[in-house]
Amino acid sequence: MSVTSHTATKRVGEASFGWHDIGSLAAQVGCDSAALAAAATIAAAAKAKVSVIQLLPMPLEAANAWALSMDPAISERHEQIRDEARRQAQDIRHRLASYGVAGDITTLEATFQDPASLAALAARRTDLVVTARPSGSIADATYTHALFAGLLLNSGRPVLVVPEGAKITLPIQQAVIAWTDSPEATRAMHDALPLLLNAAAVDLVTIDPSASPLETATDAGEAAALLLRSHGVNVAVHRIRSEGRAPSRLLLDYCRNVKAGLLVAGGYGHPRWREWTVGGTTRELFFETTLPTFFSH
């Protein structure tokens, strides 16, 4: 591995977040509290409110041409889900009060609609949406990945993924930007500015950089860093050779080595079908990240 870097000038003063509404997805998995805690931390720093999206996937009975009404067992299960949701909503209100932030809860029942589409619709009403990623359950992780993909591709909002057991601390001491000269990485860098502006240090990391009509390979990332510096971000550029290693593993190893508190990355630069069938950096980062990871598409 070879690394080159250029150090930025120090930013001057503290920057305003400019966010007013932080979404938190309550997906009915055990780590929902991690998303709420991260959303509340950001809302407190930004003087914003938290909009909780309480998503209720409602089971359907098998198709039966002779059925004239819903199976009573299914109807009873729906009421159980609603009762559980009301208890969760009360707990969320208590938690928001303990965090000292304002908030509201929107409950969405996904019966005949795709849960991810409903979540994306609600997320469009926010500046940023936070979702948690379970660690212990493969089924829950697969389900939350489907929700994450729907949010990222269909909400038009950045998505902050918080792995179970992780938390975000503000201001961030060390942030890492996964840089490629692509629309997705550019959008992620720009969308994450409210967090990057107040970070003590930001590393812009580019792997196996190539030349473009505007930059040589040895200068890759400098134009992006220059833009960040013009905003007041304390950024350094690091160029890394992969030597055959997966970009996701390189990025996460780099984050661990520098003790990063946030990773910023563009999401789904390849078609989604390719990510699902043969894998890709976005999918791998979602399942493997151990720190809060900020995605934009």
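Heavy-atom basis, side chains included; hydrogens, waters and symmetry copies ignored.
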Next on the checklist: For a 4.5 angstrom cut-off between non-hydrogen side-chain atoms, does I42 reach L160?
Outcome noted: yes
Item to check | Salt bridge R77-E84, side-chain N to carboxylate O under 4.0 Å | outcome: yes
Checklist entry - Going from OH on Y268 to CZ on R283, what distance comes out if it is rounded to the nearest 0.5 angstrom? => result 7.5 Å
Checklist entry - At what distance, to the nearest 0.5 angstrom, does CG of D21 lie from CZ of R157? => result 10.5 Å
Item to check | Residue pair R86 / D83, side-chain heavy-atom distance below 4.5 Å | outcome: yes
Checklist entry - Out of curiosity, does L118 fall in the hydrophobic cluster containing L153 (side-chain heavy atoms, cut-off under 4.5 Å, transitive links)? => result yes
Item to check | Residue pair R187 / H297, side-chain heavy-atom distance below 4.5 Å | outcome: no
Item to check | S296 side chain to D191 side chain, donor-acceptor N/O pair below 3.5 angstrom | outcome: yes
Checklist entry - Minimum heavy-atom separation for A260 to V176, with atom names? => result CB-CG2, 3.8 Å
Item to check | Main-chain N/O of A223 paired to E215 side chain as donor or acceptor, under 3.5 Å | outcome: yes
Item to check | From L228 atom CG to S230 atom OG, the distance as rounded to the nearest 0.5 Å | outcome: 7.5 Å
Item to check | Note, I92 side chain near D32 side chain (heavy atom, < 4.5 Å) | outcome: no
Checklist entry - R95 and D91: salt bridge (Lys or Arg N to Asp or Glu O under 4.0 Å), yes or no, with the steps? => result CA-CA 6 Å; R95 287 175 180 267; D91 179 64; 2.8 Å; yes
Item to check | Separation of L56 CG from R82 CZ (nearest 0.5 Å) | outcome: 8.5 Å
Item to check | Cluster overlap V159 with L36, hydrophobic side-chain contacts below 4.5 Å | outcome: no
Checklist entry - So, the side chain of D104 versus the backbone of S51: is there a donor-acceptor pair under 3.5 Å, distance only? => result no
Checklist entry - Is the centre of the F148 ring less than 6.0 Å from the centre of the F295 ring? => result yes
Item to check | Shortest non-hydrogen separation from S24 to V50 and the atoms involved | outcome: CB-CG1, 4.1 Å
Next on the checklist: Check whether D140 reaches the backbone of P134 with its side chain - one donor and one acceptor, N or O, closer than 3.5 Å.
Outcome noted: no
Checklist entry - Just by modelled atom types, is the A120 backbone N or O under 3.5 Å from a matching donor or acceptor in the S155 side chain? => result no
Checklist entry - Cluster question for you: counting only ILVMFWY and a side-chain heavy-atom cut-off of under 4.5 Å, with indirect links fine, are M58 and L147 together? => result no
Next on the checklist: I'd like to know if the side chain of R229 and the backbone of N234 have a donor-acceptor N/O pair within less than 3.5 Å.
Outcome noted: no
Next on the checklist: Quick check: is V29 connected to V52 through a chain of hydrophobic side chains (ILVMFWY, heavy atoms under 4.5 Å apart)?
Outcome noted: no
Checklist entry - Hey, what do you get for CD1 (I168) to CG (L195), rounding to the nearest 0.5 Å? => result 5.5 Å
Item to check | Candidate pair D203 and V258, rule side chain to side chain contact (heavy atoms under 4.5 Å, CB included), full reasoning | outcome: CA-CA 9 Å; D203 287 354; V258 300; 4.2 Å; yes
Item to check | N257 side-chain N/O to D253 backbone N/O, donor-acceptor pair under 3.5 Å | outcome: yes
Checklist outcome for this item: For Y99 and A40 the tightest heavy-atom approach is CD1-CB, 3.4 Å
Checklist entry - Should I53 and I105 be counted in the same cluster of Ile, Leu, Val, Met, Phe, Trp and Tyr side chains packed under 4.5 Å apart? => result no
Item to check | Exam field: side chain T289 to backbone F286, donor-acceptor pair closer than 3.5 Å | outcome: no
Checklist entry - Rounded to the nearest 0.5 Å, how far does CZ of F17 lie from CG of L170? => result 5.0 Å
Item to check | Smallest separation among heavy atoms of P209 and I240, with atom names | outcome: CD-O, 4.3 Å
Checklist outcome for this item: Here the pair of heavy atoms bringing I207 nearest to S242 is CG2-CB, 3.8 Å
Checklist entry - Does the side chain of L197 come within less than 4.5 Å of V233's, by heavy atoms? => result yes
Next on the checklist: To check you understand the geometry: which heavy-atom pair defines the closest contact between N198 and P194, and what is its length?
Outcome noted: ND2-O, 3.7 Å
Checklist entry - Are the side chains of R249 and E288 in touch, meaning some heavy atoms are under 4.5 Å apart? => result yes
Checklist entry - Is the shortest heavy-atom distance from the side chain of V205 to the side chain of L250 under 4.5 Å? => result no
Item to check | Side-chain (T293) to main-chain (L291) donor-acceptor, under 3.5 angstrom | outcome: yes
Next on the checklist: Please check: side-chain N/O of E164 versus main-chain N/O of A132, any donor-acceptor pairing under 3.5 Å?
Outcome noted: no
Item to check | Verdict with reasoning, R241 to D208, per side chain to side chain contact (heavy atoms under 4.5 Å, CB included) | outcome: CA-CA 5 Å; R241 295 188 181 280; D208 295 334; 4.0 Å; yes
Next on the checklist: Strictly distance-based, threshold 3.5 Å: is any side-chain N or O of R133 a donor or acceptor partner for the main-chain N or O of F287?
Outcome noted: yes
Checklist entry - So do V237 and E222 actually touch side chain to side chain, heavy atoms under 4.5 Å? => result yes
